[in-house]
Amino acid sequence: MFSFIKRHWIAYLIGAVVALALGFGLAYAVGVVGSTPEAVHTEEVLQESGN
């Protein structure tokens, strides 16, 4: 098994880089889509500070 990995280490490296890029890209996209808009956040903070 290790001899196979040694012969194909470049493919594993490329796969790992692609997986990391997709993972971080997807996490960023979910964060942007799922985050509260700045105007709504500011309004909530003002309402909470007034209580």
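All values reported here derive from a predicted model rather than from experimental measurement.
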Problem - Value rounded to 0.5 Å, distance of NZ in K6 from OH in Y12 - result: 13.5 Å

Handout entry: Non-neighbouring partners of F4 that pass ring pair (Phe, Tyr, Trp, His ring centres under 6.0 Å), sequence neighbours left out
Key = H8

Practice task
Kindly write out the residues that satisfy side chain to side chain contact (heavy atoms under 4.5 Å, CB included) with T36, not counting sequence neighbours, or none if the list is empty.
Solution key: V40, H41

Enumerate, atom names and distances included, each donor-acceptor pair closer than 3.5 Å involving a side-chain atom of residues 16-28, sequence neighbours excluded.
none

